[in-house]
Every structure is written in C-alpha cells, then in structure tokens.
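I have placed the structure first, in the form of structure tokens, so that the comments after it can refer back to it.
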Amino acid sequence: QHILDLGFDAINSRGVFRAELAVKGAFYKYLVEILRRYFGILILKKFRYKDIIHHLFVDEDSWESVYPTLLPNWDRSARSGKKAVIYHGSTPDLFGQHINDAMNKISNKSDEHKILFLQSWNEWAEGNYVEPDLKYGHGYLDEIRNALK
C-alpha cells in the first residue's frame, strides 16, 4: 500500500523474497547472511519449487492495482555461482498449479485488471523459461494454454 500512496498507479508483485522467508524462516536467512558477511562462507540457497509456489502470492495480489508474477523456474547459478538462488524441481504440472493459484487471485478483479506477468519467456541463463525444451517439450506452454481456456 505504501507504494500506491506515493502516487503510483499499480504494482507488479513478485513474491520471491517473502516466499523464501516463509519456506526457510527468518533464522535461516539471518544465519546465511552472518556466514557470508563475517566469515566469507557462501551457502547456495536452494528451495523446492513446490514449496516456493505456495508462498508467492498474498492477499494484496487480489487488489485491482496489483499485478502478480508467474515464475516457471529459477536457477541463477550459471551467473552467480554460490551466490545463486535455485528453485529446483519445477515441472509443468506444478507450474499449472502456480498458474491456477494466480488465476484465483485475479478472478474477482475487473476484466481490465486481470493481468498476470510472466517471468520469463526465454531467460535460459537464469533457468527461467517456458519455451519448449528437451525435457518437457511444450509442457509449460500447454499449462498456460490450458489456464486460458
């Protein structure tokens, strides 16, 4: 609400930080930061996709002026090494559940505000894409198509 109070018309909601906190807890996040800052120890942050997707959306995502983000995969290790965050175990079926959760969040909005963002279509370097691949073929795209029927 604070951002809207500053005069912005809308917010693109991307709940990865709150989801990670919900899955691993504040103590874990604090411990990882202490180890990095004071001891130079980097801990790879790995989360199961099926756990993360249950925490990506919040009640505010159903507000007219808030637009949630779909996240099909996430793996920054190619770019960030041990500083990376990885969501492992994504499948088209789990992505379909994630889409359904998002659709439920926006179902009561007026038609002009039933907007979802997709992160990303083809961000292969961050393991974040819905384009066809050798493992699942058109699976992720099929889930989007099924949700739009």
Side-chain angles (χ1 to χ4, degrees), residues 1-30 32-33 36 43-149:
Q1 182 66 42
H2 298 293
I3 292 179
L4 296 173
D5 291 340
L6 293 172
F8 291 93
D9 294 330
I11 298 169
N12 171 230
S13 174
R14 187 176 165 269
V16 294
F17 297 114
R18 68 176 166 250
E20 291 170 13
L21 191 60
V23 170
K24 295 274 185 155
F27 178 75
Y28 173 81
K29 193 168 182 78
Y30 178 74
V32 167
E33 180 60 22
R36 182 195 64 78
I43 296 177
L44 186 64
K45 298 173 194 162
K46 288 179 66 175
F47 301 86
R48 293 185 324 180
Y49 183 78
K50 71 179 184 177
D51 295 335
I52 282 290
I53 60 173
H54 296 296
H55 300 285
L56 287 172
F57 304 125
V58 292
D59 292 339
E60 290 82 356
D61 289 326
S62 62
W63 296 356
E64 290 285 315
S65 55
V66 177
Y67 303 116
T69 300
L70 297 171
L71 188 67
N73 309 281
W74 192 251
D75 181 349
R76 286 189 50 98
S77 60
R79 290 188 175 177
S80 303
K82 288 187 178 180
K83 294 179 186 176
V85 175
I86 298 173
Y87 299 163
H88 65 91
S90 174
T91 65
D93 287 339
L94 288 171
F95 182 57
Q97 291 174 29
H98 179 50
I99 294 171
N100 288 333
D101 290 345
M103 298 291 270
N104 287 334
K105 283 292 180 192
I106 66 171
S107 65
N108 293 322
K109 293 183 180 188
S110 62
D111 285 346
E112 68 181 24
H113 292 280
K114 289 182 179 177
I115 298 171
L116 294 171
F117 284 84
L118 173 65
Q119 183 186 331
S120 297
W121 173 262
N122 64 348
E123 186 61 66
W124 291 82
E126 293 185 349
N128 186 15
Y129 59 89
V130 295
E131 287 183 317
D133 66 7
L134 294 175
K135 187 171 185 179
Y136 295 113
H138 290 85
Y140 288 91
L141 293 174
D142 291 342
E143 292 297 331
I144 293 171
R145 183 191 63 223
N146 294 339
L148 295 175
K149 287 183 180 178

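We're numbering straight along the sequence, starting at 1.
Counting heavy atoms from C-beta outward, Leu118 and Pro72 have side chains that approach closer than 4.5 Å. Side-chain atoms of Ile43 and Arg36, non-hydrogen and from C-beta on, never get closer than 4.5 Å to each other. Annotation: side chain of Asn128 is not in contact with side chain of Arg76 (no heavy-atom distance under 4.5 Å). No side-chain heavy atom of Val16 sits less than 4.5 Å from a side-chain heavy atom of Phe47. Looking at Phe95 and Ile53, their side chains never come closer than 4.5 Å, going by heavy atoms from C-beta outward. Residues Tyr49 and Ile86 have side chains not in contact (no heavy-atom distance under 4.5 Å, counting atoms from C-beta outward). Using a 4.5 Å heavy-atom cutoff, the side chains of Arg14 and Leu56 are not in contact. Residues Asp142 and Pro92 form no side-chain contact, since every pair of their non-hydrogen atoms from C-beta on lies 4.5 Å or further apart.
Residue-environment remark: NE2 (His138) stays at or below the threshold of 12 foreign heavy atoms within 6.0 Å. A 6.0 Å sphere centred on NZ of Lys114 holds more than 12 heavy atoms belonging to other residues, nucleotides or ligands. Applying the 6.0 Å contact sphere to CG of Asn122 captures more than 12 heavy atoms from other residues, nucleotides or ligands.
Here the side chain of Lys45 pairs no donor or acceptor atom with the backbone of Lys29 at under 3.5 angstrom. Distance alone, capped at 3.5 Å, places no donor-acceptor pair between the Ser80 side chain and the Lys83 backbone. Of the possible polar contacts, one joining the Lys109 side chain to the Trp63 backbone as a donor-acceptor pair under 3.5 Å is found. Side-chain atoms of Asp61 come within 3.5 Å of backbone atoms of Val58 as a donor-acceptor pair (strictly under, hydrogens ignored).
No donor-acceptor contact under 3.5 angstrom links the side chains of Trp74 and Glu126, judged on distance only.
The shortest non-hydrogen separation linking Leu94 to Gly89 is CD1-O, 3.3 Å. Of all non-hydrogen atoms in Ala102 and Leu70, the two that sit nearest each other are CB-CD2, 3.6 Å. Minimum interatomic distance between Leu21 and Ala26 (heavy atoms only, all atoms of both residues): CD1-CA, 3.4 Å. When all heavy atoms are compared, the tightest approach of Glu143 to Gly96 is OE1-CA, 3.3 Å. Of all non-hydrogen atoms in Leu71 and Tyr87, the two that sit nearest each other are CD2-CE1, 3.4 Å. Minimum interatomic distance between Pro68 and Ile115 (heavy atoms only, all atoms of both residues): CD-O, 3.8 Å.
Not a single side-chain hydrogen bond (donor to acceptor under 3.5 Å, both in side chains) links Asp93 to another residue, sequence neighbours left out.
One finds the CG atom of Asn104 at 12.0 Å from the CD1 atom of Ile99 (value rounded to the nearest 0.5 Å). Rounding to the nearest 0.5 Å gives a distance of 9.5 Å between CD1 of Ile52 and NE2 of His88. Between the CD atom in Glu64 and the CD1 atom in Ile106 there is a gap of 10.5 Å [rounded to 0.5 Å]. In this structure, Ser65 OG and Ile3 CD1 are separated by 10.5 Å, a value rounded to the nearest 0.5 Å. Considering NZ of Lys135 and CG of Asp133, their distance stands at 8.5 Å, rounded to 0.5 Å. Within the model, atoms OG1 of Thr91 and NE2 of His98 stand 12.0 Å from one another, a figure rounded to the nearest 0.5 Å.
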> Does the side chain to side chain contact (heavy atoms under 4.5 Å, CB included) test come out yes or no for Met103 and Leu116, once each step is laid out?
Replying inline: CA-CA 8 Å; Met103 298 291 270; Leu116 294 171; 3.9 Å; yes

> Could you go step by step and tell me if Tyr28 and Val23 meet the side chain to side chain contact (heavy atoms under 4.5 Å, CB included) rule?
Replying inline: CA-CA 10 Å; Tyr28 173 81; Val23 170; over 6 Å; no

>> For a side chain to side chain contact (heavy atoms under 4.5 Å, CB included) check, start with the C-alpha distance between Val130 and Trp121, then their side-chain angles and the critical distance, and finish with the verdict.
In response: CA-CA 5 Å; Val130 295; Trp121 173 262; 3.5 Å; yes

> Where do Lys105 and Asp59 land on the side chain to side chain contact (heavy atoms under 4.5 Å, CB included) test, with the steps shown first?
Replying inline: CA-CA 8 Å; Lys105 283 292 180 192; Asp59 292 339; 3.5 Å; yes

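Between Tyr136 and Tyr140, the ring planes lie perpendicular to each other; the angle is over 60°, past the 30° to 60° tilted range.
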